[in-house]
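Okay, structure first, notes after.
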Amino acid sequence: MNELRTLTFDAIVVGGGGAGMRAALQLAQSGLNTACVTKVFPTRSHTVSAQGGITCAIASADPDDDWRWHMYDTVKGSDYIGDQDAIEYMCSVGPQAVFELDHMGLPFSRTETGRIYQRPFGGQSKGPDNPTQAARTCAAADRTGHALLHTLYQANLKAGTTFLNEWFAVDLVKNEDGAVVGCIAICIETGETVYIKAKATVLATGGAGRIFASTTNALINTGDGMGMSLRAGVPAQDMEMWQFHPTGIAGAGTLVTEGCRGEGGYLINKDGERFMERYAPNSKDLAGRDVVARSMILEILGGRGCGPNGDYVYLKLDHLGEEVLLSRLPGICELSKTFAHADPVKEPIPVVPTCHYQMGGVATNIGGQALFPDKDGGHTIIDGLFACGEVACVSVHGANRLGGNSLLDLVVFGRAAGIQIEKQMREGYEAKDASEADIQRAMTRLNRLNGSSEGTAVAEVRKELQATMQLYFGVFRDGESMQKGLKLLGEIREKVENLYLDDKSHAFNTARIEALELQNLMEVAEATAIAAEVRKESRGAHARNDFADRDDENWLCHSVFFPADKTVGKRAVNFAPKTVEPFPPKIRTY
Amino acid sequence: MLVSVYRYNPETDDAPYMQDIHIDIPGGKDIMVLDLLHLLKEKDTSLGYRRSCREGVCGSDGMNMNGKNGLACITPLSAVVVDDKLVIRPLPGLPVIRDVVVDMSQFYKQYEKIKPFLINDTPAPTMERLQSPAERAELDGLYECILCACCTTACPSFWWNPDKFIGPSGLLQAYRFLADSRDTATHERLSELDDPFSVFRCHGIMNCVSVCPKGLNPTKAIGKIRNMLLQQAT
Amino acid sequence: MVTSITSFGRSGLYDWMVQRVTAVVLLAYTIFMIGYLLFNSDMDYMQWKSLFECTSMRIFTLLALLSMAAHAWIGLWSVTTDYIKPTGLRFVVQSGCGLLTFIYVVWGIQILWSV
Ligand SMILES: Cc1cc2nc3c(=O)[nH]c(=O)nc-3n(C[C@H](O)[C@H](O)[C@H](O)COP(=O)(O)OP(=O)(O)OC[C@H]3O[C@@H](n4cnc5c(N)ncnc54)[C@H](O)[C@@H]3O)c2cc1C
Ligand code: SF4
Ligand code: SF4
């Protein structure tokens with residue numbers, strides 16, 4: 001048991017989603033000895049579910065489109081706590097990253113002139129002075145994530161990337177200098193535990209939407225990367241910021257894309273009223289997601305919800321006609337029939353705001369290097385640790401992500417992390433080997449679980465955790481109920497520390513994996529709850545009844561959760577883009 | 001209802017067996033087979049199956065339900081249960097790792113064989129390669145494949161020659177690249193396929209078409225590959 | 001590309017074409033024979049004999065015979081590769097089939113030209 005087998009690479013990428021595979025591709029092409037470690041076969045990663053598209057100013061729908069307009073929208077969408085240098089980088093490098101995807105073979109939908117088709121998405125304008133709705137989201141029908149993920153996997157096959165498929169990363173290994181030098185991982189098929197040694201470890205483990213009971217996220221979105229980094233003492237940024245997507249199918253949680261509204265669909269209440277006209281007179285149904293989600297909840301609370309319990313509203317699409325629906329939104333028609341028993345061609349889809357996206361995560365710089373923010377607002381770089389994709393917080397999404405910006409984030413910063421690692425390795429980056437004690441430290445959690453002889457069952461605690469988060473930390477929050485929620489979380493934590501694993505077999509033991517995942521969910525939930533309680537204002541996705549307004553004086557900043565003492569600090573937002581004037585905070589209306 | 005599940009744990013079982021479980025569905029609702037598996041797993045955590053997106057797009061939970069391959073997450077009980085009974089087995093024709101989890105290596109290997117990536121040796125433009133909506137429409141019904149293996153493991157030709165016959169899924173993808181106006185390797189791709197096994201072991205049994213959860217038609221794609229081979233040879 | 005030295009044309013496409021073409025020939029021959037028998041339902045041995053003495057009929061029959069042989073070989077080859085996995089045994093069975101086919105062809109020709 002003591003002697004773990006060691007696999008050695010220059011760099012490993014934990015995660016085979018869009019971000020992970022884009023990073024792996026960059027590394028494989030650079031000739032570094034790289035492995036992509038993923039707990040599911042890469043094309044089963046959550047990116048596959050992304051529907052609507054990837055937002056980017058490629059100037060197809062509008063030849064005059066400008067990445068600076070995209071940048072403005074993103075800054076505004078973030079409610080001004082997105083870092084403007086990072087947003088500038090993403091929006092300006094974006095087109096190149098998207099064209100690369102086309103060259104790799106991504107089957108984008110096309111315009112008559114043969115260019116990539118772009119559809120309108122929420123929060124898109126033609127710059128600070130022109131609120132005209134733009135169409136900037138590049139799409140492959142309503143299966144963009146699927147197309148993107150498969151294309152990246154294919155490109156990786158072409159490049160000869162090494163994949164460790166169905167391997168589960170458990171915890172990070174740090175050497176005596178505090179540098180990350182790989183991780184402990186379990187080969188799920190055989191149950192063997194190994195130490196994967198690497199000079200660079202990229203976390204690309206995606207989001208943790210499963211901390212909520214109702215979520216659009218895949219069952220595998222359990223925040224493993226966040227769990228690993230928090231346990232390794234790495235602070236987390238903006239964890240209170242969770243996006244609730246306006247249109248999750250009521251009851252099932254499965255998503256219907258914002259592209260539905262981009263293509264002309266709209267929301268109605270039980271009186272058949274298009275209520276978004278009241279809340280966002282200009283952008284209506286295509287206002288920011290946080291705005292639409294809150295308006296929906298207000299309709300429902302105001303007794304204008306649909307259905308027998310009045311607990312959802314309808315998304316109306318039938319007026320678009322069968323032809324448009326089947327060519328532009330074929331996947332949605334399928335999903336709606338399966339999960340809502342409603343054929344969008346004939347009837348509206350019942351929808352409710354549903355947990356969708358984690359804006360916060362591991363703070364990184366533009367090169368994907370993980371940062372260690374300190375309590376005085378400064379930060380240091382954590383050697384050997386990188387993060388990209390949903391697990392990272394660069395931060396381009398701030399307090400609210402715009403639709404289609406995540407896929408762009410994945411490919412732009414996945415690529416950037418690869419480039420950064422390549423550069424460091426070429427410059428001769430070295431790290432001390434981990435000692436046996438260092439490795440054993442990373443084994444603590446797994447050893448406890450494998451040795452457990454009693455405790456609580458995973459499924460039970462997981463349900464309790466998800467219900468608590470849903471109830472006390474959902475779309476609307478307030479101090480008193482969050483206090484209550486925090487107390488409950490404290491009790492749940494005790495159970496999570498004391499989980500019982502009854503099946504200790506090796507071959508494809510999913511019970512062990514689910515237990516480890518639950519512990520990660522716990523870390524994320526706790527960081528979320530504590531940060532949410534501390535941020536005493538409403539901004540973007542974080543809406544408090546007791547502090548209903550944005551408070552730029554005190555909170556125009558990132559929150560930082562310190563796992564060591566479970567406190568929350570602040571970190572300045574970047575307002576210094578390199579090539580354009582910064583966008584100063586304004587009142588956010590749509 | 002009665003659920004009969006295929007069980008096998010290589011560490012403790014000498015041979016696979018069927019486990020019969022009586023279960024009441026809460027509220028008598030028409031849940032998906034995957035939800036049913038979750039219920040079973042709450043009671044017996046040792047039950048092994050794959051799952052991820054739970055909405056039919058990731059292709060993890062392909063299995064055999066009352067004799068027919070499909071995705072557990074989008075198959076409602078009402079669509080498969082007969083006489084209040086459901087038999088759940090792993091996908092046929094692939095080695096079983098544990099319970100309903102199969103070893104998919106052979107399936108992936110066939111996929112890799114067809115060079116599933118765009119090949120274009122002309123220098124890339126600084127923007128996207130143009131493609132007309134009509135050319136793009138050629139890819140519809142092909143690129144949507146989620147590699148769930150429902151089709152390939154329902155194909156007798158694959159059962160007999162898993163190492164040599166590419167199988168419907170792989171061939172669908174082979175045609176996806178043959179049909180892409182941006183791909184320039186048509187000739188090489190076709191030459192790779194022109195042996196008695198890779199394509200021609202398809203005998204048009206059409207099992208693949210009837211099980212594909214995405215409604216795709218590999219048989220048609222295989223026919224098109226054959227036509228392309230024919231055109232190239234004559 | 002899967003290589004296979006025992007297949008008929010070594011190319012999947014070639015085998016497949018041969019399979020279709022021979023099938024057409026066999027179909028035509030069958031239709032002709034059925035038609036002929038129907039229209040001459042009171043046929044006697046002499047008439048039968050004279051039919052096969054005609055050169056064009058001999059050529060047609062020979063074509064059908066060769067088609068049958070090719071068709072059978074490709075069919076049997078693919079059945080044996082499906083069901084008989086041990087290479088040695090498969091080779092023996094395939095050789096047996098090949099030999100039999102050859103014998104039938106020669107024997108058929110002999111009969112045809114001895115009429
Ligand atoms: C339904 C839905 C629709 C969406 N639509 C859009 C859209 O239209 N446009 C848009 O821009 N964004 C969209 N998003 C958001 C976007 O899809 C995600 O944010 C993005 O896909 C996350 O990608 P990722 O690469 O960071 O992680 P993921 O794709 O989630 O991949 C995570 C990877 O990490 C691996 N992993 C996790 N934990 C471990 C571990 N412990 N050990 C080993 N491997 C591990 C997993 O196997 C997986 O490969 C959508 C999201 C949802 C839920
Ligand atoms: S049509 Fe071809 S590929 Fe499909 S099941 Fe039949 S033999 Fe297999
Ligand atoms: S063709 Fe259909 S059944 Fe076959 S792997 Fe693809 S999605 Fe699955």
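Atom set for the values below is all heavy atoms of this structure, side chains included, hydrogens, waters and symmetry mates excluded. Below, chain A is the first sequence line, B the second, and so on; all start at residue 1.
At a 4.5 Å heavy-atom cutoff, the contact between B/Leu147 and chain A is made by backbone and side-chain atoms alike. The part of B/Tyr111 that comes within reach of chain A is its side chain, from C-beta onward, which places non-hydrogen atoms under 4.5 angstrom from that chain. Neither the backbone nor the side chain of B/Pro76 comes within less than 4.5 Å of any heavy atom in chain A. With a 4.5 Å cut-off on non-hydrogen atoms, B/Lys115 does not touch chain A at all. Residue contact with chain B, scored on non-hydrogen atoms closer than 4.5 Å, is absent for A/Arg462. Looking at B/Pro10, only its side chain comes within 4.5 Å of chain A, counting heavy atoms on both sides. Proximity to chain A (any heavy atom under 4.5 Å) is shown, for B/Glu135, by neither the backbone nor the side chain. For A/Thr113, the part sitting under 4.5 Å from any heavy atom of chain B is the backbone (N, CA, C, O) and nothing else. Proximity to chain A involves both the backbone and the side chain of B/Val57, based on heavy atoms less than 4.5 angstrom apart. With a 4.5 angstrom heavy-atom cutoff, B/Leu34 touches chain A only via side-chain atoms. Only the backbone of A/Asn217 comes within contact range of chain B, with at least one heavy atom under 4.5 Å from a heavy atom of that chain.
Each of B/Val101, B/Asn9, B/Thr12, B/Leu139 has some count of heavy-atom pairs under 4.5 Å with chain A, and the biggest count is that of B/Val101. Listed options A/Ser49, A/Pro95, A/Ala252, A/Ala147 were ranked by heavy-atom pairs under 4.5 angstrom with chain B; first place goes to A/Ser49. When each of A/Lys39, A/Arg512, A/Glu166, A/Glu100 is scored by its heavy-atom pairs under 4.5 Å with chain B, the top score falls to A/Glu166. Ranked by heavy-atom pairs under 4.5 Å with chain A, the first of B/Glu42, B/Met127, B/Lys214 is B/Met127.
Counting heavy-atom neighbours within 6.0 Å of B/Lys164 NZ, excluding the residue itself, gives a total above 12.
Within the 3.5 Å criterion, the main-chain N or O of A/Pro107 finds a donor-acceptor partner in the side chain of B/Arg136. At distances below 3.5 Å, at least one donor-acceptor pair connects side-chain atoms of B/Glu11 with backbone N or O atoms of A/Ala507. The backbone N or O of B/Cys145 lies less than 3.5 Å from a partner atom in the side chain of A/His146, making a donor-acceptor pair. A donor-acceptor pair under 3.5 Å links the side-chain atoms of B/Arg182 to the main chain of A/Gly105, judged by distance alone. Between the side chain of A/Lys158 and the backbone N or O of B/Leu118, at least one donor-acceptor pair lies under 3.5 Å. For the pair A/Arg44 (side chain) and B/Ile146 (backbone), a donor-acceptor distance under 3.5 Å is present. Between the side chain of B/Glu128 and the backbone N or O of A/Ile116, at least one donor-acceptor pair lies under 3.5 Å.
In summary, the aromatic rings of A/Phe41 and B/Tyr108 are positioned with their centroids under 6.0 Å apart.
Evaluated for a side-chain contact (heavy atoms from CB on, under 4.5 Å) with A/Ile220, the options B/Arg51, B/Arg54, B/Arg50 yield exactly one hit, B/Arg51.
Contact annotation: the side chain of A/Arg110 never approaches that of B/Ser132 to less than 4.5 Å [non-hydrogen atoms, C-beta and beyond].
Under a 4.0 Å N-O distance rule, the pair B/Arg98/A/Asp503 qualifies as a salt bridge.
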